[in-house]
Structures are given as structure tokens and as C-alpha cells.
Amino acid sequence: MGLLAGLAELIAPTRCAGCDLPGALICDDCHHHAARFARAQSCPRCGAPFGAFVCTECWERSFAFEAAIALGELAPPLSRAVVLHKDAGERRLGETLGRLLGEEVADCWPHWADAVTWIPPTHTALVRRGFDHGLALASPVGTALCAPVMPLLTRAVAKDQRALGRDARAANAAGTFGSLGAPPARVLVVDDVLTTGATLDAAAATLLDAGAEVVRVAVVARSW
Ligand SMILES: [Zn+2]
Ligand SMILES: [Zn+2]
């Protein structure tokens, strides 16, 4: 540890984002607690923790992405860690959460991706936070998979919803992304939270339109 890092530890010791125990950003107990949501019990399409079969939500709709992995459910400690990383300035958590997610993905889908990308923030969110939290999570995942981390998506400027009818509004919301360059065949998209899957679905559809063959997603936390 360098002098500055040592001083920083004296003033504000590293604490677990889940339980406040000093020592690590996410302690072993909290990691294991999050991982009790084992992938053996998760829907292989969307990552929902309802059993190792395609869940009812996935019967009713088809996602553009082929499969999803979540590190755990959106509950403490992960929910707390996601917020501390995104909105409370604990930027080191990006590396920690991304590394844990990368280990999980490398374990489930070894060497699967030709590229790792992430959901780009809106301009407003980027200015407010001062950093791209998706990139921070995606970088260690790329390292774990030995795959390049590439910016493949842009935020399209959404049209004013008020002038649009209902169907057009849905299409406008889904068309939030544009593609940057030609994606390789197998793309893994990283994000912090998957709830309805609409954002990741739109991102995957954009990548497929741009020439990717298969898109999968990996998120820190799954909520429903
Ligand atoms: Zn803890
Ligand atoms: Zn599902």
C-alpha cells in the first residue's frame, strides 16, 4: 500500500458495502450471501431466481439477448453496493463488483465473448456522476474473459414522447441506442441491474441489427 492509500485507510478505513465490516469493499460473508442466489436456480434466459428452467416471464416474451447471468438479487448486500458505487462516490466498488461478476461469467461461459460492452449512461447521468459506471463494471469482466472491452453502443437522442402515440412511444423508448462500428460475433453486454430487461433487450437488438450474431448479458443484480 502506498503512503497516500495508507493515510486514506487511517482516515476512512475500507468497509464492506454490505455490512460495514472493515477490511474489504465486499466481505466474503456478503459475497456468499449474494451468491446464495445460485445460478443452478436461475432462469437461463433472464437470470430470475425461480428455478433452473425458463421462467414464466420468458414464456411470455422473447428477449433479443440469448442468456443472462446475475451475480445475485437486488437486495442487500448487492443493492447497497450498486448504489454506493453509482451514486455515493465509492468508485472502487466498480472494480470489486466487476471482478466478482467476471469470475461468475468466466465460470459459466468460459471464453465465450469476442467483445464485452456496456450500457452507456445518459449524458445527464454521466455529468452528475462524473464517471461511466457501466464501463467501470465492464472492464474487469473483459479481463476475466480475456476479451476486449469495446464501446459498441451510443445513446440515441430520444424523441419528445408527448408528440407520439402509444405504439410509437414504446418504439421510441426501445430505440434508445445506436451502434458504434461493427460488433464482433459474440457480444456480452454488462450492466448493473436487470429489472424488466427492456433496456438490455433494446441494446441487444441494436447489436444484432449492427451485425452481432449472439448477445448475452451479465448484470450485478437481478430484480423483478
Ligand atoms: Zn460484508
Ligand atoms: Zn426468465
Side-chain angles (χ1 to χ4, degrees), residues 8-9 12-105 107-109 112 119 133 136-137 140 170 174 186-205 207-208 214-224:
E9 272 306 306
T14 296
R15 287 179 185 280
C16 171
C19 66
D20 271 339
L21 210 75
L25 282 167
I26 294 189
C27 73
D28 285 351
D29 275 359
C30 283
H31 179 210
H32 287 133
H33 180 74
R36 81 190 185 287
F37 166 106
R39 59 177 176 267
Q41 293 166 20
S42 306
C43 169
R45 288 279 284 124
C46 75
F50 305 134
F53 45 80
V54 173
C55 75
T56 48
E57 272 185 59
C58 290
W59 284 345
E60 286 160 13
R61 61 173 302 182
S62 61
F63 292 112
F65 51 84
E66 180 191 63
I69 282 180
L71 194 57
E73 64 181 300
L74 189 65
L78 287 181
S79 53
R80 210 170 154 224
V82 164
V83 171
L84 282 175
H85 175 232
K86 216 158 57 164
D87 295 314
E90 184 45 280
R91 293 185 45 177
R92 294 175 302 165
L93 267 170
E95 170 69 31
T96 304
L97 291 170
R99 185 171 43 75
L100 295 174
L101 182 59
E103 286 168 8
E104 184 75 10
V105 176
D107 211 27
C108 295
W109 304 329
W112 180 81
I119 299 292
H133 76 284
L137 295 169
R186 300 172 305 169
V187 181
L188 180 75
V189 185
V190 172
D191 200 10
D192 54 357
V193 177
L194 189 162
T195 305
T196 64
T199 302
L200 283 156
D201 188 46
L207 291 165
L208 293 174
V214 190
V215 177
R216 292 182 183 178
V217 307
V219 295
V220 172
R222 179 74 168 87
S223 83
W224 50 87

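As the structure lists them, so they are numbered: ligands from 1, and atoms in each ligand from 1.
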Steps toward side-chain hydrogen bond (donor to acceptor under 3.5 Å, both in side chains) verdict (Thr14, Arg92):
CA-CA 10 Å; Thr14 296; Arg92 294 175 302 165; 3.2 Å; yes
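A distance of 8.5 Å separates CZ of Arg80 from SG of Cys19, quoted to the nearest 0.5 Å. Remark: Arg222 CZ to Ile69 CD1 distance equals 13.0 Å, nearest 0.5 Å.
The side-chain heavy atoms of His85 and Asp192, taken from C-beta on, include no pair separated by under 4.5 Å.
Geometry at the Zn ion (ligand 2): SG/Cys55 and SG/Cys46 form an angle of 110°, nearest 10 degrees.
Partner of Val217 under the side-chain contact (heavy atoms from CB on, under 4.5 Å) criterion, out of Val189, Leu188, Asp201, Asp191: Val189 alone.
For the residue pair Gly197 and Phe65, the shortest heavy atom distance occurs at O-CE2, 4.0 Å.
Protein contacts to the Zn ion (ligand 1) involving N, O or S atoms at a distance below 2.8 Å are Cys16 SG, Cys19 SG, Cys27 SG, Cys30 SG.
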